[in-house]
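These figures come from a predicted structure and were not determined experimentally. Each chain gets a letter, A, B and so on, in the order the sequences are listed, and its residues count up from 1.
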Protein chains: 2
Amino acid sequence: MNIGHAAAASGVSAKMIRYYESIGLIPRTVRTEAGYRVYSDQDVHTLRFIRRARDLGFSVEQIADLVSLWRDRERASKDVKAIALDHVSVLERKIRELQEMASTLKHLAENCSGDSRPHCPILEELASEEPLPVHGKADARFSALRGA
Amino acid sequence: MNIGHAAAASGVSAKMIRYYESIGLIPRTVRTEAGYRVYSDQDVHTLRFIRRARDLGFSVEQIADLVSLWRDRERASKDVKAIALDHVSVLERKIRELQEMASTLKHLAENCSGDSRPHCPILEELASEEPLPVHGKADARFSALRGA
DNA sequence: CTTGACCTTCCCATGATTGGAAGGATTACA
DNA sequence: TGTAATCCTTCCAATCATGGGAAGGTCAAG
């Protein structure tokens, strides 16, 4: 199977397959005489594993660890769980940051008439010397959900 | 005021001030005979505006638009509001994506014993051929909140 | 006058991904 | 068999906002 086929079968682009090879996430493949990379079904399986991990937002570095644990039949599940929960806490921190931004902006936009007049609380807030108003975590969380 | 002072006063690093100048977000400043950049209080005010917009996650391109609207006394507030709400919807889309990742991972981790045994539903899920289980938007949202 | 703290420009790195150019290989079809 | 289309290869560049650092000039305090 050539790289294009492996890409289609795994959902990882040919570009990314070459990149993953270049950084050592996947090993160098067998080549044809002409230099074409050749992939097995097992390789495609690994690529799919990688893609699913990417879809869950894991970094390439974390994926390398996950792949290595996946291959290790003696692994301890706590090592996998630790990576996963570590990533969850990073995701949750990012979520909270974005929710605070969204909530602040929504509050400002709600108070902006949004017509042809120049008066605008959004710009006033950006131009203000006061700290940005944060509407509290719980507040931000639920107001961010309200319109989602 | 030199760039270091302007950086401290605005919260924008000297590196970023030079970068913003290089991409045209802020105009080239007056220089001393020795070539040092000189900043006024007004410049610092603009830098602070930029920093606050960055803190709300606006892109440099959007900030350029916001700064230009800020300077325009004839602006229509709807133009500002449009940028803000556009950004809110981008933020909310990202939030939902991250929430789905976090929720999926938490479900998987909850079913992982996390001990020294090798059995691990997280790896099994990544290695599976089935589509990643998405726990539904509402489900994902509230389960993401539960532990946050 | 020296020392340390600033400033300047320039280049490089990040992370994951995409785009493209130049050139060789393979395949399909007339 | 010729040829055109579609693959493949490597290499370089760009994204986005930011930081690190080198080499060298400037300024202020002692």
Side-chain angles (χ1 to χ4, degrees), chain A residues 1-26 28-39 43-44 47-67 86-87 90-91 93-94 97-98 101, chain B residues 1-26 28-39 43-44 47-67 86-87 90-91 93-94 97-98 101:
Chain A
M1 192 179 346
N2 63 23
I3 200 172
H5 192 172
S10 67
V12 179
S13 73
K15 280 275 190 194
M16 288 312 296
I17 295 176
R18 294 193 196 97
Y19 171 69
Y20 290 151
E21 181 187 310
S22 82
I23 62 173
L25 177 58
I26 55 179
R28 281 181 221 87
T29 62
V30 175
R31 304 278 189 130
T32 67
E33 280 199 4
Y36 284 23
R37 290 170 180 83
V38 175
Y39 296 90
D43 294 331
V44 170
L47 286 169
R48 246 189 310 237
F49 179 100
I50 290 170
R51 198 180 93 78
R52 290 164 83 91
R54 287 291 309 138
D55 288 346
L56 288 174
F58 285 104
S59 69
V60 165
E61 195 179 352
Q62 285 172 314
I63 294 174
D65 293 342
L66 289 172
V67 169
D86 218 62
H87 183 42
V90 169
L91 288 172
R93 189 172 44 71
K94 281 191 194 166
E97 287 172 7
L98 296 182
M101 293 178 190
Chain B
M1 193 180 344
N2 63 21
I3 200 171
H5 191 171
S10 66
V12 178
S13 72
K15 280 274 189 191
M16 290 311 298
I17 295 176
R18 295 192 195 97
Y19 171 69
Y20 290 152
E21 181 187 311
S22 82
I23 62 172
L25 177 58
I26 55 178
R28 280 182 222 87
T29 61
V30 175
R31 304 276 189 131
T32 65
E33 280 199 5
Y36 283 24
R37 290 171 180 81
V38 175
Y39 296 89
D43 294 330
V44 169
L47 287 169
R48 246 191 308 239
F49 179 99
I50 290 170
R51 198 179 92 79
R52 290 164 82 91
R54 288 289 311 137
D55 287 346
L56 288 174
F58 285 104
S59 68
V60 165
E61 194 180 353
Q62 285 172 314
I63 294 174
D65 293 342
L66 289 171
V67 169
D86 219 61
H87 183 43
V90 169
L91 288 172
R93 189 171 44 71
K94 281 189 193 167
E97 287 171 7
L98 297 182
M101 293 178 191

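In this structure, B/R28 places its CZ atom where only 12 or fewer heavy-atom neighbours from other residues, nucleotides or ligands lie under 6.0 Å away.
For the pair A/V38 and A/T29, the tightest heavy-atom approach, listed with the atom from each and the gap, is O-CB, 3.5 Å. Between A/F49 and A/L66, the closest heavy-atom pair is CZ-O, 4.0 Å.
Rounded to whole angstrom, the span from the CD atom of B/E33 across to the C1' atom of C/dT8 amounts to 16 Å. Taking atom CD on A/Q62 and atom C1' on C/dA16, their separation rounds to 14 Å, with Å as the unit. One can place CG of A/L25 at 14 Å from C1' of C/dT17, the figure rounded to the nearest angstrom. Rounded to an integer number of Å, the gap from B/I23 CD1 to D/dA14 C1' is 15 Å. Atom P of nucleotide D/dC11 and atom NZ of A/K15 are separated by 12 Å, given to the nearest angstrom. Whole-Å rounding puts the B/R51 CZ to D/dA17 C1' distance at 15 Å. Atom CD1 of B/I63 is separated from atom C1' of D/dT18 by 13 Å (rounded to the nearest Å). Atoms OH (A/Y19) and C1' (D/dC12) sit 15 Å apart, rounded to a whole Å.
When distances are taken from the side chain of A/M16 to each of C/dT17, D/dT9, D/dC27, the shortest belongs to C/dT17. Closest contact between the side chain of A/S13 and the listed nucleotides D/dA17, D/dT10, C/dT18 involves C/dT18.
By the 4.5 Å heavy-atom criterion applied to side chains, A/F58 and A/D65 are not counted as neighbours. Looking only at side-chain heavy atoms (C-beta outward), B/I26 and B/L47 come within less than 4.5 Å of each other.
Distances shorter than 4.0 Å separate some side-chain N or O of B/R54 from OP1 or OP2 on D/dT18. OP1 or OP2 of C/dT17 sits under 4.0 Å from a side-chain N or O of A/Y20. Of the side-chain N and O atoms in A/R18, none sit less than 4.0 angstrom from OP1 or OP2 of C/dA16. In this model, the phosphate group of C/dC7 is not approached by any side-chain N or O of B/R37 to a distance below 4.0 Å at OP1 or OP2.
Under the 3.5 Å distance criterion, the side-chain polar atoms of A/H87 are matched with a main-chain donor or acceptor of A/L56.
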Pairs under 3.5 angstrom only: tabulate donor-acceptor contacts from the side chains of residues 14-24 of chain A to other protein residues two or more places apart or in another chain.
residue: A/E21; atom: OE1; partner: A/R37; partner atom: NE; Å: 2.9
residue: A/S22; atom: OG; partner: A/Y19; partner atom: O; Å: 2.8

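Counting any heavy atom pair closer than 4.0 Å across all strands shown, A/T32 reaches no nucleic acid atom.
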Under a 4.0 Å heavy-atom criterion, the protein footprint on nucleotides 1-7 of chain D, written with B, S and -, is ------B

